[in-house]
Amino acid sequence: IVAFFQPKVLSGRKVVITAGPTFEALDPIRGITNHSSGKMGFAIARAAREAGADVAIVAGPVSVPTPRGVRRVDVKSARDMLAATQAEVPQADIFIAAAAVADWRPVTESDQKIKKDGSGSAPTVAFTENPDILATVAKGERARSGALFCVGFAAESHDLVKHAKAKRERKDIPLLVGNIGPLTFGQDDNQMLLVDAQGTTELPRASKIACARRLVAEIARRLPRT
Ligand code: CTP
Ligand code: CA
């Protein structure tokens with residue numbers, strides 16, 4: 001019902017969104033992940049679809065339903081997520097990186113279950129850095145030419161404004177969204193801090209779908225005219 005009254009501010013636009021955690025395997029049954037629920041990314045996908053966009057969501061392992069009319073590509077690792085995203089963005093107008101991508105992955109993935117050796121000693125896991133999906137897309141030709149509008153999120157536990165401003169500049173993106181308040185993975189509400197070249201704006205605390213609709217409106221008014 002609500003969707004019916006929404007202005008179709010993204011009609012004719014293609015939006016690609018990453019969402020959820022990634023899973024970095026250690027062996028066939030174990031791996032490293034995080035508490036991202038995917039709810040925020042999926043809410044943005046729904047809001048973008050309501051706004052008339054063609055929406056693809058590249059999702060790590062999550063258990064949230066796919067919004068109606070949204071195309072979903074399921075992935076596990078950060079490297080899979082990068083490959084799936086790169087396949088989608090060449091036709092996109094907007095890229096929103098809402099995923100909580102694992103910053104590191106184990107250097108080796110054992111193809112057999114790692115067994116206890118009976119000595120009581122524990123294995124040591126060596127890590128290597130994952131590709132930065134947002135930074136990679138933002139450095140691409142489509143983003144650099146202004147044809148692809150990139151939006152990032154910042155997960156910070158402290159000094160949000162300082163870190164969010166620095167992160168926007170480091171990733172070289174027009175808009176970054178910080179989550180205000182405690183890290184609330186899995187919650188149904190959210191409060192966003194928008195950071196752009198003009199400065200910062202605190203939005204009111206609201207449900208994730210209300211936040212997502214507001215974010216879509218904020219993105220739409222920053223897009224170059226077609
Ligand atoms: N991101 C990404 N790929 C990564 C890491 C992060 O696409 N390998 C994206 C996230 O989806 C988010 C933004 O980059 O939109 C910022 O993620 P965040 O974890 O807050 O920042 P990092 O650059 O990873 O730095 P740190 O975790 O050290 O704060
Ligand atoms: Ca990170």
Side-chain angles (χ1 to χ4, degrees), residues 15-25 31-45 47-48 55-62 64 73-89 92 94-107 127-140 142-143 148-186 190-196 200 208 211-212 215-216 218-219 222:
V15 181
V16 177
I17 302 165
T18 63
T22 64
F23 180 89
E24 311 296 332
I32 310 284
T33 187
N34 62 66
H35 285 307
S36 170
S37 66
K39 282 180 184 172
M40 194 63 222
F42 276 65
I44 297 165
V55 183
I57 191 156
V58 180
V62 293
V64 280
V73 180
D74 285 309
V75 296
K76 276 200 171 130
S77 69
R79 287 180 296 173
D80 298 342
M81 187 175 272
L82 175 63
T85 300
Q86 281 181 317
E88 296 289 342
V89 291
I94 302 167
F95 173 57
I96 304 172
V101 182
D103 290 320
W104 304 281
R105 67 175 181 276
V107 172
F127 287 96
T128 185
E129 195 169 317
N130 266 328
D132 187 319
I133 298 164
L134 174 58
T136 304
V137 170
K139 273 198 233 92
R142 206 171 157 75
L148 178 66
F149 187 88
C150 293
V151 182
F153 273 76
E156 309 292 345
S157 60
H158 58 283
D159 294 332
L160 173 64
V161 173
K162 188 181 98 188
H163 284 136
K165 281 182 170 172
K167 203 165 270 183
R168 191 190 73 83
E169 283 170 25
R170 182 155 39 84
K171 306 233 180 192
D172 203 7
I173 51 173
L175 182 63
L176 185 114
V177 184
N179 292 315
I180 298 173
L183 289 174
T184 50
F185 283 122
N190 201 2
Q191 187 179 9
M192 302 186 300
L193 175 80
L194 299 187
V195 186
D196 66 12
T200 61
K208 282 189 175 171
C211 289
L215 179 60
V216 161
E218 295 286 342
I219 292 169
R222 288 170 169 84

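This is a predicted model, so every value here is computed, not measured. In listed order, ligands and their atoms are each counted from 1.
Checked against a 3.5 angstrom limit, the closest N/O atoms of I133 and ligand 1 fall inside it. Considering backbone and side-chain N/O of V101, none are found under 3.5 Å from N/O of ligand 1. Considering both main-chain and side-chain atoms, G152 never comes within under 3.5 Å of ligand 1 through any nitrogen or oxygen pair. Inclusion of K171 in the set of residues having an N or O under 3.5 Å from an N or O of ligand 1 is warranted.
Side-chain contact, N179 with N190: a donor N or O sits under 3.5 Å from an acceptor N or O.
What sits closest to atom 15 (O) of ligand 1 on the protein, heavy atoms only, is A97 O, 2.6 Å. Here the protein heavy atom with the shortest distance to atom 10 (C) of ligand 1 is A99 O, 3.5 Å. Protein heavy atom in closest approach to atom 24 (O) of ligand 1: D103 OD1, 3.0 Å. When only non-hydrogen protein atoms are considered, atom 9 (C) of ligand 1 lies nearest to L134 CB, 3.8 Å. In terms of protein heavy atoms, atom 29 (O) of ligand 1 is closest to K167 NZ, 2.8 Å. From the protein, the heavy atom lying nearest to atom 8 (N) of ligand 1 is P131 O, 2.8 Å. When hydrogens are left out, the protein atom nearest atom 16 (C) of ligand 1 is F153 O, 2.9 Å; that is the closest non-hydrogen contact.
Between the side chain of N34 and the backbone N or O of A100, at least one donor-acceptor pair lies under 3.5 Å. With hydrogens and angles disregarded, a donor-acceptor distance shorter than 3.5 Å links the side chain of T18 to the backbone of A99. Of the possible donor and acceptor atoms, one in the side chain of D132 sits under 3.5 Å from a partner among the backbone N and O of A135. A distance-only check finds no donor-acceptor pair linking the side chain of T22 to the backbone of K76 [under 3.5 Å].
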Q: For R142 and V89, run side chain to side chain contact (heavy atoms under 4.5 Å, CB included): C-alpha distance rounded to whole Å, both residues' side-chain angles, the deciding distance at 0.1 Å, then the answer.
A: CA-CA 8 Å; R142 206 171 157 75; V89 291; 5.8 Å; no
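Close contacts of ligand 1 with A155, meaning ligand atoms under 4.0 Å from a residue heavy atom, involve 20 (O). Within ligand 1, counting atoms from 1 as listed, the ones closer than 4.0 Å to a heavy atom of A154 are 20 (O).
K167 and E156 are joined by a salt bridge, as a carboxylate oxygen and a charged side-chain nitrogen come within less than 4.0 angstrom of each other. Salt bridge annotation for D196-R222: present, with a cationic side-chain nitrogen under 4.0 angstrom from a carboxylate oxygen. Note on K165 versus E169: no salt bridge recorded, every NZ/NE/NH1/NH2 to OD/OE distance being 4.0 Å or above.
When the options V177, N34, D132 are ranked by their closest heavy atom to atom 2 (C) of ligand 1, first place goes to D132.
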